[in-house]
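Below is one structure, written out as structure tokens, with a few remarks after it.
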Amino acid sequence: MRRAYALASILTLAAAQTAAADAFRLALPLDCTLGQTCYIEDYVDTDPGPGQRDYMCGLNSRDDHRGTDFMLPSFEAMQTGVDVLAAAPGTVAATRDDMADTTVTAATREAIRGRECGNAVRVDHGDGWQTLYCHLKLGSIQVRKGEEVMTGDVLGEVGLSGLTNAPHVHLGVLKDGEIVDPFHPDNITQCGEATDGGLWQTPLAYTRAGLFTAGFSTAVPSFEAVQSGAARMGATAGDQPLVLYGHVFYAQPGDQLILTAHGPEGEVFRHEITLDAPKVQLFRAFGRKAPAAGWRAGAYRGYVRLIRGDTLIAARHADITVTP
């Protein structure tokens, strides 16, 4: 009898622990449609040493990245206002809403040291679970410390504050103060294993492909210059060509690259490329010669988007200034 009672107690305890673990589930932390109006760019880095890998052993992460980045496809989307949402019910533990929305440069990086998360909300969900929402738009935060929130409640808007150069929300998930990968919550250093959706209410699709970078140049660069970063130019004269390139990894046949550029006078070009025989890494470029009078002086921005069917997989932007 004692053995049967002990076994029953163990089973009851195990069931209670499983129920407690199952009770914490996450919804999408922003008001968007994945693959259409947002996409995931970087996952938690599962590589304990130098380098990076995501939870499926892919390249969609950065060294020591400690959250999941849900990206908007453009700065214009950020300006329209995209709500950041509570991913689970809880109590607001802390907020910050005093940092400007601006891309980080080498000159400004030191000024935000210790505040890399930017404008942010931290929510306590009980039982040691917390979520952290970074890079919110200045003045957009709608909750206060101590306030109760439910799943889907608006916390603020996607912005450009803190250590970022593109509009997104960085979602950090913590258990007892330690970073947890919501896609692989049992072990942050493992990759490539089935996770049954991890902590998500609805499993989020994973795509191995992505974009390393995009950049402007004044001629079609070499692959070596693209890989090293030497191809990227931040300024040029008005009589030079404008060439936009994108560096892709793990694309599939039929994937499309859409390259667009705009400047002070509107659209400079839009060009679509179908990848018929992609490799592990590749780059593609497109551009235009300067008009007879030269490009108008000012700021130019390009976007490279990787599309599979009707699904947005990745997007990168590049900026260049045409000097008088």
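Remark: T189 OG1 to D181 CG distance equals 10.5 Å, nearest 0.5 Å. Rounded to the nearest 0.5 Å, atoms CD1 (I141) and CG (L155) are 8.5 Å apart. Put simply, CG on D42 and CE on M71 are 7.5 Å apart, with the number rounded to the nearest 0.5 Å. Distance CG/L26 to CD/Q201: 7.5 Å, rounded to 0.5 Å. Rounding to the nearest 0.5 Å places CD of Q281 at 5.5 Å from CD of Q227. Note that the SG atom of C134 and the NE2 atom of H168 stand 8.0 Å from one another [nearest 0.5 Å].
Judged by distance alone, the side chain of W295 and the main-chain N or O of Q240 form a donor-acceptor pair under 3.5 Å. Using modelled atom types, one side-chain atom of D101 and one backbone atom of L138 make a donor-acceptor pair closer than 3.5 Å. Counting only distance, with no hydrogens or angles, the side chain of D83 and the backbone of E157 share no donor-acceptor pair below 3.5 Å. No donor-acceptor pair under 3.5 Å is formed between the side chain of T164 and the backbone N or O of L160. Listed for the N60 side chain is a donor-acceptor partner under 3.5 Å among the backbone atoms of T207. Checked by atom type and distance alone, the side chain of T108 never pairs as donor or acceptor with a backbone atom of V104 at under 3.5 Å. No donor-acceptor pair closer than 3.5 Å links the side chain of S217 to the backbone N or O of V220. Counting only distance, with no hydrogens or angles, the side chain of Q36 and the backbone of D310 share a donor-acceptor pair below 3.5 Å. The backbone N or O of A230 sits less than 3.5 Å from a side-chain atom of S228, completing a donor-acceptor pair. Of the possible donor and acceptor atoms, none in the side chain of D124 sits under 3.5 Å from a partner among the backbone N and O of A93.
Side-chain contact between Y250 and L59 is present, with heavy atoms from C-beta onward closer than 4.5 Å. Between T68 and P182 there is a side-chain heavy-atom pair separated by less than 4.5 Å. Using a 4.5 Å cut-off on side-chain heavy atoms (C-beta onward), Q256 and T274 make contact.
Nearest heavy-atom pair across P89 and T151 is CD-OG1, 3.0 Å. In plain terms, the two heavy atoms of Q142 and V154 that are nearest each other are NE2-CG1, 3.6 Å. Residue H135 comes nearest to L163 through the heavy atom pair CE1-O, 3.6 Å, listed as atom of the first residue, atom of the second, then distance. Smallest separation of non-hydrogen atoms from A77 and S74: N-OG, 3.1 Å. For the pair A297 and T323, the tightest heavy-atom approach, listed with the atom from each and the gap, is CB-C, 4.2 Å. Considering every non-hydrogen atom in both A318 and L244, the closest pair reads CB-CD1, 4.0 Å.
Taking 4.0 Å as the cut-off between side-chain N and carboxylate O, E41 and R316 count as a salt-bridged pair. Ion pairing between D98 and R115 holds under the 4.0 Å rule for side-chain N and carboxylate O.
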Steps toward salt bridge (Lys or Arg N to Asp or Glu O under 4.0 Å) verdict (R113, E110): CA-CA 5 Å; R113 185 176 297 277; E110 185 61 31; 2.9 Å; yes
Full working for ring-ring contact (aromatic ring centres under 6.0 Å, His included) between Y206 and Y55: CA-CA 10 Å; Y206 172 84; Y55 78 103; 5.5 Å; yes
L211/L257 under side chain to side chain contact (heavy atoms under 4.5 Å, CB included): CA gap, chis, key distance, verdict: CA-CA 10 Å; L211 285 161; L257 276 184; 4.2 Å; yes
Test side chain to side chain donor-acceptor pair (under 3.5 Å) applied to T95 and R122, step by step: CA-CA 6 Å; T95 66; R122 180 162 50 87; over 6 Å; no
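Paired with R53 under the rule side-chain hydrogen bond (donor to acceptor under 3.5 Å, both in side chains), one option of D45, D63, T46 passes, and it is T46.
Between F212 and F249, the ring-plane angle classifies as tilted under the 30° and 60° cut-offs.
Residue E267 places its CD atom among more than 12 non-hydrogen atoms of other residues, nucleotides or ligands, all under 6.0 Å distant.
Remark: aromatic rings of F269 and F286 are close, center separation under 6.0 Å. Note: F70 and Y39 fail the aromatic proximity criterion, with ring centroids not under 6.0 Å apart. Aromatic rings from F223 and H247 are positioned such that their centres are separated by under 6.0 Å.
Residues I273 and L242 fall within the same hydrophobic cluster, defined by Ile, Leu, Val, Met, Phe, Trp and Tyr side chains chained together at heavy-atom separations under 4.5 Å. Clustering ILVMFWY residues whenever any of their side-chain heavy atoms sit less than 4.5 angstrom apart, transitively, puts W129 in the very cluster that holds V121. Note: the hydrophobic cluster containing M56 also contains V180 (ILVMFWY, side chain heavy atoms under 4.5 Å, direct or indirect links). Linking ILVMFWY side-chain heavy atoms closer than 4.5 Å, directly or via other members, places L34 and Y133 in a single hydrophobic cluster. There is no path of hydrophobic side-chain contacts, each under 4.5 Å, that joins V149 to L132.
S161 and R96 share no side-chain donor-acceptor pair at under 3.5 Å. T131 and H125 are linked by a side-chain donor-acceptor pair at a separation below 3.5 angstrom, with hydrogens and angles left out of the test. A donor and an acceptor atom, one from each side chain of D69 and Y43, are nowhere located under 3.5 Å apart. Side-chain contact annotation: E265 with Y300, donor-acceptor N/O pair under 3.5 Å absent.
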